[in-house]
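The chains referred to below are lettered A, B, ... by the order of the sequence lines, with proteins before strands, and numbering in each begins at 1. The figures here come from the full heavy-atom set of this structure, side chains too, leaving out hydrogens, waters and symmetry mates.
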Amino acid sequence: MHRRSTMEKPRVRFAPSPTGYLHIGGARTALFNWLWARKTGGTFVLRIEDTDQARSTDASTQVIIDSLRWLGLDWDEGPGVGGPHGPYFQMQRLDLYRAHADRLVAEGKAYRCYTTREELEAMKAKLPEGKKRDGFVYPRIWRDRPQSDWLEGQPYVVRFKSPSDGATEFDDKVFGTIRSPNASLDDFVLLRSDGVPLYNFGAVVDDVTMGITLVGRGSDHIINTPKQILLYRALGAPVPEFAHLPMMLTPDGKKMSKRLADQQGIDVPVEVYRDKGWLPDALLNYIARFGWSSGDQEIFTRDELVAHFDWDHCGKDDGRYDKKKSLWVSFEHLRKLDDDAYAAAVIPFLAASGINVAPSDPRLIPAVRTIRPRAQRLCDAAEMLAFYFVDAPVMDAAVVAKFLTADAKAQLAEVAAVLDALPAFDEASVGAAFEGWLAARSLEIKTVAQPARVALTGKGASPGLFEVMAVLGREVTVRRLRAAADVAA
RNA sequence: GGCCCCAUCGUCUAACGGUUAGGACAUCGGCCUCUCACGUCGGUAAUACGGGUUCAAAUCCCGUUGGGGUCACCA
């Protein structure tokens, strides 16, 4: 059997089915393929596998495309950009699958099967209890029937004539040699009775006709690979290389379904990361380091990922999503932004919570500087910034009750008076005045800081008191201190 | 259950026969300190188990156990 030459420029693809959002595991598959294409000067193809008509939707296609664009995983051929091997939607390639299926039938490598779905169900029902779900294989009723037996006019599926002896073997780029006995293969269906191909057939016909040289995908597809290799051979096509990636699991080691992940606070759809204020490069960094490594390096720019990526350093074992580490990666990328970029990035997140801040607002950059070491995502940043930009901060009842005591309120009134009289209101001046007043009253800062913080921010935790005051300005600072001092006990 | 795959700190991983088994996140403690963070210094923590092969095994082989994947006219 001939194989793809490793000398030619790689052609890789990402082939999602549009049945929902872009899953974070899918994003990682897309990323690894994209990295390989970009590193090698190859071609990255996007193909939409929309043959599951019951579940595929145009809206989902759009969501997936939007997510890929947000991540910056641009494709060289596919929806929106076209290319020489289109169309890139499987439902627009039906003639192609039909032609290939007919050819396999003509060559005796596949056959028409007139057994109906109902008959199959009946056979399954007769199986002993335990095997009903697990062990049913189509009994190859139509496998060797002559063409004269065909029920013309009746619906039929096209099944592959799987070999029943020998074994199929391939050399995976990350798992090494994988070998499985052909006897475990069913005469699987290539074409449904309505002419729409099933996954294994559609993918192979497309990978052949699109000239794909390396198939990178999740390890849940290892089981499909022998079937597909048999199909490549039956079609007389070169077999591409395969690279399977271990799975991303939930923190307790389960398959990352949205429902299960939600329970554990893990976000599965890529769009949620965008909406919570991750930088695309940060998400790429986290999922790249998941199952792949480059020495001790943890934080990578996009270019570094492209430069360092290779299949040899991909691990084989499934991993579990680590939320804390993912947030740390997000934080590390956020900190690389300069203040202007950070401020511009956070404005939409402020707006999303109803707080409109103009890019030119003089409080914006100083305010942003105070929360930068504290926010791991932009949604957190917006939440921390809110008190600066509202008329009156939202007061946390628990901390109000704890810190705004009668004594504290009297002290805040005094502090307000002191600050109101200050000639300058920068952080240093405010700090000096505040500490001067503390000294005069023989008070420790600890006793007044929390009440003041609650008065100014409504919360028990915030950036430093004096930096907050400086950003707020004299008028607002004094007003909030007095408002807290006046609040009913 | 059949078939396939996997196995180093809690988690992500380094090691490609010879290391005091390294790093990062998390965690614990010190420093910093007006809170929360950030920063900084330090600590705890792993080769699943049992047999081989070898002068030498986390690394190679076999078995056990555990985990995952998959068994559709889904992808």
Task: Under 3.5 Å donor-acceptor, A/Arg192 side chain and A/Pro197 backbone - done: yes
Open item on the list: Looking at A/Asp380 and A/Arg377, is any side-chain nitrogen of the basic one under 4.0 Å from a carboxylate oxygen of the acidic one?
Closed with: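 Salt bridge present between A/Arg377 and A/Asp380.
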Open item on the list: Check A/Lys161 with A/Asp187, please: is the shortest side-chain N to carboxylate O separation under 4.0 Å?
Closed with: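 No, this pair does not count.
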Nearest listed nucleotide, side chain of [X], among [options]:
X        : options             : result
A/Leu249 : B/G68, B/A75, B/U70 : B/G68
A/Arg374 : B/U35, B/C34, B/G69 : B/U35
A/Arg117 : B/U70, B/C38, B/C73 : B/C73
A/Leu198 : B/C73, B/C5, B/C3   : B/C73
A/Arg453 : B/U35, B/A75, B/C3  : B/U35
A/Lys254 : B/C74, B/C34, B/G68 : B/G68
A/Ile223 : B/A75, B/C38, B/C3  : B/C3
A/Gln450 : B/U35, B/A75, B/G39 : B/U35
A/Phe175 : B/C34, B/C5, B/C4   : B/C5

Open item on the list: So that I know where these two stand, are A/Trp142 and A/Tyr114 an aromatic pair - ring centroids less than 6.0 Å apart?
Closed with: yes
TODO: Using distance alone, with no hydrogens and no angle criterion, decide if A/Asp252 and A/Thr250 have a side-chain donor and acceptor under 3.5 Å apart.
DONE: yes
Task: Check: A/Thr301/A/His333 side-chain N/O donor and acceptor closer than 3.5 Å - done: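 Their side chains do not contain a donor-acceptor pair, so the 3.5 Å distance test is not met.
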Using the [atom1] atom on both, measure [N] against [M] and round to a whole Å.
N     : M     : atom1 : answer
B/G66 : B/U53 : P     : 28 Å
B/G39 : B/G17 : P     : 38 Å
B/G63 : B/A56 : P     : 23 Å
B/C49 : B/A7  : C1'   : 12 Å
B/C60 : B/C5  : P     : 15 Å
B/G68 : B/U54 : P     : 37 Å
B/G69 : B/A57 : C1'   : 30 Å
B/U59 : B/G22 : C1'   : 16 Å

For the pair made of [atom1] in [X] and [atom2] in [N], what is the distance, rounded to whole Å?
X        : N     : atom1 : atom2 : result
A/Ile371 : B/C38 : CD1   : P     : 14 Å
A/Ile222 : B/C71 : CD1   : C1'   : 15 Å
A/Met256 : B/G68 : CE    : C1'   : 14 Å
A/Met248 : B/G68 : CE    : P     : 17 Å
A/Glu49  : B/C74 : CD    : C1'   : 12 Å
A/Glu169 : B/C4  : CD    : C1'   : 13 Å
A/Asn200 : B/U70 : CG    : P     : 13 Å
A/Glu118 : B/A72 : CD    : P     : 17 Å

Task: Closest non-hydrogen atom pair, A/Ala470 against A/Glu427 - done: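 Closest approach of A/Ala470 to A/Glu427: CB-N, 3.6 Å.
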By the 4.0 Å heavy-atom rule, please label [X] as base, sugar-phosphate, or nothing.
X        : result
A/Thr115 : base
A/Ser17  : sugar-phosphate
A/His221 : base
A/Pro463 : base
A/Asn224 : base
A/Val157 : base

Go ahead and name the base partner of [N]; Watson-Crick or wobble counts if both distances stay under 3.5 Å, otherwise write none.
N     : result
B/U53 : none
B/U64 : B/A48
B/C25 : B/G10
B/C3  : B/G69
B/U40 : B/G30
B/U19 : none

Give a yes/no verdict on a cation-pi contact between [X] and [Y], requiring under 6.0 Å between NZ or CZ and the six-membered ring centre and an angle within 45° of the axis.
X        : Y        : answer
A/Arg112 : A/Tyr156 : yes
A/Lys109 : A/Phe160 : no
A/Arg28  : A/Phe32  : yes

TODO: Encode nucleotides 11-28 of chain B as B, S and - characters from 5' to 3', where the letter depends on protein heavy atoms closer than 4.0 Å: B to the base, S only to sugar-phosphate, - to neither.
DONE: BBSS-------BBBBS--
Open item on the list: For the CZ atom of A/Phe175 and the NZ atom of A/Lys316, what is their distance to the nearest 0.5 Å?
Closed with: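 Reported value, rounded in 0.5 Å steps: 7.5 Å.
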Task: A/Arg372 vs B/C36: side-chain N/O to OP1/OP2 distance below 4.0 Å - done: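 So the side-chain polar atoms of A/Arg372 never come under 4.0 Å of the phosphate oxygens OP1 or OP2 of B/C36.
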- [ ] Please state whether the phosphate of B/C6, meaning OP1 or OP2, lies under 4.0 angstrom from any side-chain nitrogen or oxygen of A/Ser219.
- [x]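 Result: no.
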Task: Toward the 5' end of RNA chain B, by each residue's nearest nucleotide, A/Leu465 or A/Met247 - done: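 Closer to the 5' end of RNA chain B: A/Leu465.
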- [ ] With RNA chain B as reference, determine whether A/Ile178 or A/Arg335 sits nearer its 5' end, using the nearest nucleotide of each.
- [x] A/Ile178
